[in-house]
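Structure first, then comments.
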Amino acid sequence: MNNRLYYGDNLEILRNREYFPDECVDLIYLDPPFNSNRNYNVLFKSESGADSEAQITAFEDTWHWGETAEATYDELIMDAPHKVATAIEALMNLIERNQMMAYLVMMTARLVELHRVLKPTGSLYLHCDPTASHYLKLILDTIFGGQNFQNEIVWKRTSAHSDRTQGNVLHMGRIHDVMLFYTKSEFATRHSVYTPYDDSYINKMYNKVDDDGRRYRLDNLTGPGGASKGNPFYEVMGVSRHWRYSQEKMKQLIMEGRVVQTKPGNVPAYKRYLDEMPGVALQDVWDDINPLGSNAKERLGYPTQKPEALLERIIRASSNEGDIVLDPFCGCGTAIAAAHKLGRAWIGIDITHLSIALQKYRLQDMFELVSGADYAVIGEPATVEGARELAQDSANEGRYQFEWWALSLLRAKPVGGSAGSRRGKKGADQGVDGVINFFDEDEAGKKKPQKAVVQVKSGKVNSGQVQQLKGAMENAGAAIGVFITLEPPTGAMTKEALAAGWYESRTWGKRYRRLQILTIGDLFDGAGVEMPPQHGTHARASRWKGDGGSQRELI
């Protein structure tokens with residue numbers, strides 16, 4: 001399998017046997033969106049069909065019960081394995097139709113498919129929080145088998161804070177997420193992962209220092225169990241004991257200076273150096289990987305973005321180089337970036353073009369990977385007719401998806417788009433759908449930030465819309481305006497654009513049309529905005545220098 005991104009509903013994509021035959025993936029990480037910050041009373045409140053269908057959009061931050069969830073529930077009862085159908089029916093009797101049940105139904109259908117595509121040597125890590133982790137564990141036990149549950153990993157995702165009230169109830173600070181770790185079978189790929197010793201342990205246990213500055217501790221050389229365990233009995237430095245090593249091995253250690261007798265008559269001990277120890281074997285509480293701070297270099301502005309170090313640890317522990325890592329809710333692509341850094345193949349799926357665009361930028365910025373050349377993007381329009389179908393797909397918020405996809409062709413930052421959501425914010429753009437930032441010089445020769453504003457239209461177009469963009473440019477103080485249209489512009493539109501004149505760049509000594517009209521067909525043919533080189537359109541991922549990723553842990 002080649003590296004690839006899929007745009008679309010991950011359930012439909014996973015069910016496609018051409019894309020995902022049985023047992024084709026080595027490691028799965030998923031972080032499905034769920035608004036756990038809502039009050040439990042709301043999550044478990046019964047919803048009317050009319051209310052929920054007015055709000056429901058699959059994979060929005062909050063799931064709702066509606067026709068989609070009802071149909072998926074029916075499918076599970078009719079077609080899922082018997083134990084899965086029984087479990088989901090029992091949950092329905094317990095929880096009833098509400099947001100929580102909608103989430104569990106939709107997740108169950110996807111987990112059935114993820115189990116199918118996972119190799120016998122594969123593992124799955126489901127990232128969630130305590131709001132739903134207990135229900136998800138029940139579902140995973142049913143699908144994977146309780147014997148294949150390995151760990152409930154606790155990740156401390158934030159420091160202490162004071163969100164301790166919910167209604168009139170005082171609760172403890174909620175500072176951790178949960179990752180449920182399952183394997184497909186007992187033959188799953190596993191690697192030992194170690195974390196560094198903390199300073200207090202080092203100072204207490206490795207409290208001796210050689211002349212060359214190497215820290216060490218003295219360890220027991222006697223053989224546990226004595227003769228009953230077959231340990232040899234002989235004399236070392238005037239002390240007779242059952243020893244851990246043979247006489248030949250002991251002589252070698254003495255010659256190497258690894259056996260120490262602190263004073264005559266004391267039992268000799270083994271000199272164990274700190275720099276030869278791998279560290280602490282990985283435990284199920286991870287408090288050493290910090291969440292992304294507001295100034296973190298890898299931060300891209302995605303609301304649920306996880307640290308690369310978190311994904312690197314998972315990938316190191318449960319896969320080999322060349323294995324295939326799948327993230328079916330890939331968001332801004334942290335799992336994909338970590339997999340690529342560690343020499344794994346990868347597959348990502350997301351239902352918004354905004355997320356796919358963020359991942360394309362990240363792959364280009366970090367690794368200089370180019371979509372279509374270094375990896376495939378499946379589900380994006382490849383023709384004008386395909387773009388038209390996307391725009392007209394009202395069931396999947398086609399207007400916003402087309403807009404975000406078109407903006408991504410120019411690497412323009414969406415205005416009003418909410419990362420992780422399938423719909424934009426109506427009425428918030430004031431005639432501007434996207435922005436491209438760049439720098440130029442002012443009259444005094446000082447560097448000055450400038451911008452081009454972009455408007456995207458997928459329906460019929462007219463000269464009045466070009467005039468509207470002119471007004472938006474003035475309101476935004478933009479140097480350049482770009483009008484992206486699916487349909488060919490009229491003659492009046494072209495005339496209106498030409499009348500806008502030119503933008504003179506002092507830095508580059510060039511002039512650019514102040515208002516430019518580009519069709520989707522033009523963009524497919526390789527055309528782009530004529531403007532100074534863009535800068536800072538998105539938060540850019542740092543270029544990876546190929547150092548093998550985090551050095552904080554060893555395999």
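Everything numeric here is computed off the predicted structure, so don't read it as measured data.
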Open item on the list: Could you tell me if Tyr182 and Asp141 have a donor-acceptor pair between their side chains, going purely by distance under 3.5 Å?
Closed with: yes
TODO: Answer yes when Arg411 and Asp365 have at least one side-chain N-carboxylate O distance shorter than 4.0 Å, and no when they do not.
DONE: yes
Task: Pairing residues for Asp26 by the salt bridge (charged side-chain N to carboxylate O under 4.0 Å, His left out) criterion, not counting sequence neighbours - done: Lys119
Open item on the list: Can you confirm whether Val112 sits close enough to Ile143 that some side-chain heavy atom of one is under 4.5 Å from a side-chain heavy atom of the other?
Closed with: yes
Task: Lys137 side chain reached by Phe149 side chain, heavy atoms, under 4.5 Å - done: yes
Open item on the list: I need the Leu253 CG to Tyr270 OH distance, nearest 0.5 Å.
Closed with: 6.0 Å
TODO: Start with the C-alpha gap between Glu89 and Lys83, add the side-chain angles, then the distance that decides, and say whether salt bridge (charged side-chain N to carboxylate O under 4.0 Å, His left out) holds.
DONE: CA-CA 10 Å; Glu89 182 181 10; Lys83 286 187 177 180; over 6 Å; no
Open item on the list: With a 4.0 Å cut-off on N to O distance, would you call Asp374 and Arg4 a salt bridge?
Closed with: no
Open item on the list: Any non-hydrogen side-chain atom of Ser355 less than 4.5 Å from a side-chain atom of Trp404?
Closed with: no
Open item on the list: So Ser123 and Thr189, do their side chains get closer than 4.5 Å, heavy atoms only?
Closed with: no
Open item on the list: Under the criterion side-chain contact (heavy atoms from CB on, under 4.5 Å), I'd like the reasoning laid out for Tyr273 against Arg258: C-alpha separation, chi angles, the key distance, then a yes or no.
Closed with: CA-CA 9 Å; Tyr273 285 104; Arg258 300 300 293 261; 3.6 Å; yes
TODO: Indicate the atoms forming the closest heavy-atom contact of Cys24 with Ile324, along with that distance.
DONE: O-CD1, 3.5 Å
Open item on the list: When you compare the side chains of Glu256 and Gln252, does any donor N or O come within less than 3.5 Å of an acceptor on the partner?
Closed with: yes
- [ ] Among Asn151, Leu136, Leu124, find the residue that satisfies the side-chain contact (heavy atoms from CB on, under 4.5 Å) test when tested with Leu180.
- [x] Leu136
- [ ] Assign the ring pair Tyr29 / His127 to parallel, tilted or perpendicular, where the plane angle (0 to 90°) is split at 30° and 60°.
- [x] perpendicular
TODO: Could you list the residues that satisfy side-chain hydrogen bond (donor to acceptor under 3.5 Å, both in side chains) with Ser318, not counting sequence neighbours?
DONE: Tyr125
- [ ] Using salt bridge (charged side-chain N to carboxylate O under 4.0 Å, His left out) as the criterion, list what pairs up with Asp31, not counting sequence neighbours.
- [x] Lys306
Task: Sidechain N-carboxylate O distance under 4.0 Å for Arg116, Glu113 - done: yes
TODO: I would like to know whether Asn10 and Arg110 meet side chain to side chain donor-acceptor pair (under 3.5 Å); could you show each step before the answer?
DONE: CA-CA 8 Å; Asn10 57 18; Arg110 286 155 177 81; 2.7 Å; yes
Task: Heavy-atom neighbours of Asp212 CG exceed 12 at 6.0 Å - done: yes
Task: Shortest non-hydrogen separation from Tyr7 to Ile351 and the atoms involved - done: CE1-O, 3.3 Å
Task: Close side-chain approach of Pro307 and Asn290, heavy atoms under 4.5 Å - done: no
- [ ] Could you tell me the separation between the CG atom of Leu111 and the CG atom of Leu30, rounded to the nearest 0.5 Å?
- [x] 6.5 Å
Task: Heavy-atom pair with the smallest gap, counting every atom of Asn148 and Lys184 - done: ND2-O, 3.4 Å
Task: Donor-acceptor under 3.5 Å (Asp198 side chain, Tyr201 main chain) - done: yes
TODO: Would you please say whether a donor-acceptor pair under 3.5 Å links the side chains of Arg217 and Asn207?
DONE: no
- [ ] With Arg215 as the cation and Tyr206 as the aromatic partner, state whether NZ or CZ is under 6.0 Å from the six-membered ring centre and within 45° of the axis.
- [x] no
Open item on the list: Would the distance check show the side chain of Tyr234 and the main-chain N or O of Ser246 forming a donor-acceptor pair, the cut-off being under 3.5 Å?
Closed with: yes
Open item on the list: Between Ser319 and Arg344, is there a side-chain donor-acceptor contact under 3.5 Å, judged purely by atom types and distance?
Closed with: yes
Open item on the list: With a 3.5 Å distance limit and no angle check, can you tell me whether Ser185 reaches the backbone of Pro120 through a side-chain donor-acceptor pair?
Closed with: yes
Open item on the list: Using 0.5 Å steps for rounding, measure from the OG1 atom of Thr183 to the CD atom of Gln147.
Closed with: 8.5 Å
Task: Atom pair OG1 (Thr222) and NE2 (His242), whose distance is rounded to the nearest 0.5 Å - done: 11.0 Å
Task: Least distance between heavy atoms, His191 atom then Arg316 atom - done: CD2-O, 3.4 Å
Open item on the list: Any heavy-atom pair between the side chains of Gln364 and Leu369 that's under 4.5 Å?
Closed with: no
Task: Residues Thr195, Arg313; criterion side chain to side chain donor-acceptor pair (under 3.5 Å); working and verdict - done: CA-CA 10 Å; Thr195 58; Arg313 175 173 290 178; 5.5 Å; no
TODO: Using a cut-off of 6.0 Å, state whether more than 12 heavy atoms not belonging to Lys251 lie near its atom NZ.
DONE: no
TODO: Go through the steps to decide whether Tyr216 and Arg272 satisfy the test side-chain contact (heavy atoms from CB on, under 4.5 Å), and finish with yes or no.
DONE: CA-CA 5 Å; Tyr216 70 92; Arg272 190 176 298 281; 5.9 Å; no
TODO: Could you verify whether a donor N or O on one side chain and an acceptor N or O on the other, from Trp346 and His340, lie under 3.5 Å apart?
DONE: yes
TODO: Mind listing the closest non-hydrogen atom pair of Val105 and Ala69 along with its distance?
DONE: CG1-O, 3.6 Å
Open item on the list: Can you tell me how far apart OG1 (Thr121) and CG (Asp323) are? Round to the nearest 0.5 Å.
Closed with: 7.0 Å
Task: Ser408 vs Tyr361 side-chain heavy atoms within contact, under 4.5 Å - done: yes
Open item on the list: Checking Gln359 against Ile336 for the side-chain contact (heavy atoms from CB on, under 4.5 Å) test, could you report, in this order, the C-alpha distance in whole Å, the side-chain angles of both residues, the deciding distance, and whether it holds?
Closed with: CA-CA 8 Å; Gln359 291 175 67; Ile336 287 168; 3.1 Å; yes
Task: Over all atoms of both residues, closest heavy-atom pair of Ile315 and Ala339 - done: CD1-N, 3.5 Å
Open item on the list: Quick one: does any side-chain atom of Glu308 pair with a main-chain N or O of Ala338 as donor and acceptor, under 3.5 Å?
Closed with: no
Task: Expected output: side-chain Trp286 to main-chain Gln283 donor-acceptor under 3.5 Å - done: yes
Task: Nearest-0.5 Å distance that lies between atom OG1 in Thr131 and atom CZ in Arg174 - done: 6.5 Å
Open item on the list: Is the shortest side-chain heavy-atom distance between Val178 and Ile153 below 4.5 Å?
Closed with: no
